[in-house]
Amino acid sequence: MMITKDTPAHHPIHDIIKNRWSPRAFNKESLTELELSQIMEAARWAPSAMNEQPWRYIVARRDQTELFNMMLTPLAEGNSMWAKDAGALVLAISQQNYSGSGNPNRHAYHDLGLANAHLILQAEALGIRSHQMGGFDANKARELFEIPEGFEPLTYIALGRQGTHDHLADFLQEREAAPRQRKPQSEFVFQGSFGKK
Ligand SMILES: Cc1cc2nc3c(=O)[nH]c(=O)nc-3n(C[C@H](O)[C@H](O)[C@H](O)COP(=O)(O)O)c2cc1C
């Protein structure tokens, strides 16, 4: 059985945003080279402070078996146990200093997140789901992929078509079926002063 999720939005929002969620059940079908290029192109066109474009990505499609398996190794066990079924894996990295001046870029993480948002929404538009993961060994990733100093590996993104969830471990099936929840806007949208509704 394939899980479907309800998004109880309080206002109408774009279907791409409404329908996106982070599954753990992928159908083991590789992304094509074109699909992955299209998805990365969306990240390319994200805005960034000073147009610095501090994002860097290491990518592997499922059909690139050796590269794909290499990308699985830094993942926490609780993630690799389902991410192994993804159609592609992406490691998102941010450059911490401006390339021109060498000064710290305090928007580096912000802009990487923005590029990632473009990436996952473009994927959703292509019928490809995404699931981001902070659970991985950053030192191991740095070593394995020879990530230079000044660049921080931040987030993995599993991409792929959703599959049935019956084969997942029980605790993962439970998480998979849990209802979607968010804070109400009154808890994060303020006027006049911080915290004031
Ligand atoms: C930066 C980041 C790190 C995350 N790390 C993990 C992770 O290590 N393992 C996991 O299963 N989900 C991880 N998630 C997924 C979140 O738990 C998920 O996005 C959140 O619960 C909201 O659910 P939704 O994406 O289905 O709307 C991560 C998400 C983000 C954005």
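Treat the numbers as computed from the prediction; the structure is a model and nothing was measured.
- For Glu41, the salt bridge (Lys or Arg N to Asp or Glu O under 4.0 Å) partners are Arg44, not counting sequence neighbours.
- Tyr57 and Leu75 sit in two unconnected hydrophobic clusters of ILVMFWY residues. Membership requires side-chain heavy atoms under 4.5 Å apart, directly or through other members.
- Put simply, the side chain of Gln96 never gets that close to the backbone of Ala108: no donor and acceptor are under 3.5 Å apart.
- Not counting sequence neighbours, Tyr98 has no partner by the ring-ring contact (aromatic ring centres under 6.0 Å, His included) test.
- Sorted by first and then second residue, the side chain to side chain donor-acceptor pair (under 3.5 Å) pairs with a member in residues 187-197 form an empty list; sequence neighbours excluded.
- Expressed to the nearest 0.5 Å, how far CZ of Phe190 lies from CD of Gln185 amounts to 11.5 Å.
- In this structure the side chain of Leu154 never reaches within 4.5 angstrom of the side chain of Ile93, judged on heavy atoms.
- Applying the salt bridge (Lys or Arg N to Asp or Glu O under 4.0 Å) test to every pair with at least one member in residues 171-186, sequence neighbours left out, gives these pairs: Arg24-Glu176.
- Pairs passing the salt bridge (Lys or Arg N to Asp or Glu O under 4.0 Å) check and including a residue from residues 154-165, sequence neighbours excluded, read Glu29-Arg161, Glu35-Arg161.
- Asn103 CG to Ser99 OG: the interatomic distance, rounded to the nearest 0.5 Å, is 11.0 Å.
- Annotation: side chain to side chain contact (heavy atoms under 4.5 Å, CB included) contacts of Asn139 (sequence neighbours excluded): Asp137.
- Looking only at side-chain heavy atoms (C-beta outward), Val59 and Met40 come within less than 4.5 Å of each other.
- Note on Val90 and Met133: separate hydrophobic clusters, where clusters join Ile, Leu, Val, Met, Phe, Trp and Tyr whose side-chain heavy atoms are under 4.5 Å apart, directly or indirectly.
- Here side chain to side chain donor-acceptor pair (under 3.5 Å) pairs that include residues 74-92, with residues two or more places apart or in two chains, are Asp85-His167.
- Checked against salt bridge (Lys or Arg N to Asp or Glu O under 4.0 Å), Asp63 has the following partners two or more places apart in sequence or in another chain: Arg61.
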Next item on the list: Determine, stepwise, if the pair Leu114 / Asn116 fulfils side-chain contact (heavy atoms from CB on, under 4.5 Å).
Entry: CA-CA 5 Å; Leu114 200 46; Asn116 289 347; over 6 Å; no
Margin query: side-chain contact (heavy atoms from CB on, under 4.5 Å), that's the test. Do Leu89 and Ile157 meet it? Break it down for me.
Written below: CA-CA 6 Å; Leu89 288 169; Ile157 310 173; over 6 Å; no
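- A salt bridge (Lys or Arg N to Asp or Glu O under 4.0 Å) check over residues 98-116, counting only residues at least two apart or in different chains, returns nothing.
- Note on Leu31 and Leu34: separate hydrophobic clusters, where clusters join Ile, Leu, Val, Met, Phe, Trp and Tyr whose side-chain heavy atoms are under 4.5 Å apart, directly or indirectly.
- Side-chain atoms of Ser94 do not come within 3.5 Å of backbone N or O of Trp55 as any donor-acceptor pair.
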Margin query: With side-chain contact (heavy atoms from CB on, under 4.5 Å) as the criterion, how do His165 and Met1 come out once you've worked through the C-alpha distance, each side chain's angles and the decisive distance to 0.1 Å?
Written below: CA-CA 6 Å; His165 73 297; Met1 196 184 85; 3.7 Å; yes
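- A donor-acceptor contact shorter than 3.5 Å is absent between the side chain of Thr7 and the backbone of Ala9.
- Between the CG atom of Leu36 and the CD atom of Gln38 there is a distance of 10.0 Å, given to the nearest 0.5 Å.
- Residues that satisfy the salt bridge (Lys or Arg N to Asp or Glu O under 4.0 Å) test with Arg142, not counting sequence neighbours, are Glu152.
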Next item on the list: Using the side-chain hydrogen bond (donor to acceptor under 3.5 Å, both in side chains) rule, take Gln95 and Asn97 through it: C-alpha gap first, then chi angles, then the decisive distance, then the call.
Entry: CA-CA 6 Å; Gln95 182 177 13; Asn97 297 327; over 6 Å; no
Under 3.5 Å donor-acceptor pairs involving side-chain atoms of residues 118-130, not counting sequence neighbours:
unit_1, atom_1, unit_2, atom_2, d
His118, ND1, Ala42, O, 2.9
Glu124, OE1, Arg129, NH1, 3.4
Glu124, OE2, Arg129, NH1, 2.8
Arg129, NE, Gln162, OE1, 2.8
Arg129, NH1, Asn19, O, 3.0
Arg129, NH2, Gln162, OE1, 3.4

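- When the side chains of ILVMFWY residues are joined at heavy-atom separations under 4.5 Å, either directly or via intervening members, Leu172 and Leu72 end up in a single hydrophobic cluster.
- In terms of heavy-atom proximity, Ala138 sits nearest to Pro153 at O-CG, 3.9 Å.
- Both Phe151 and Leu91 belong to a single network of hydrophobic side chains, linked directly or stepwise wherever heavy atoms of I, L, V, M, F, W or Y lie under 4.5 Å apart.
- Of the possible donor and acceptor atoms, none in the side chain of His10 sits under 3.5 Å from a partner among the backbone N and O of Pro184.
- Phe136 meets the ring-ring contact (aromatic ring centres under 6.0 Å, His included) test with Tyr156; sequence neighbours excluded.
- A donor-acceptor pair shorter than 3.5 Å cannot be found between the side chains of Gln132 and Ser22.
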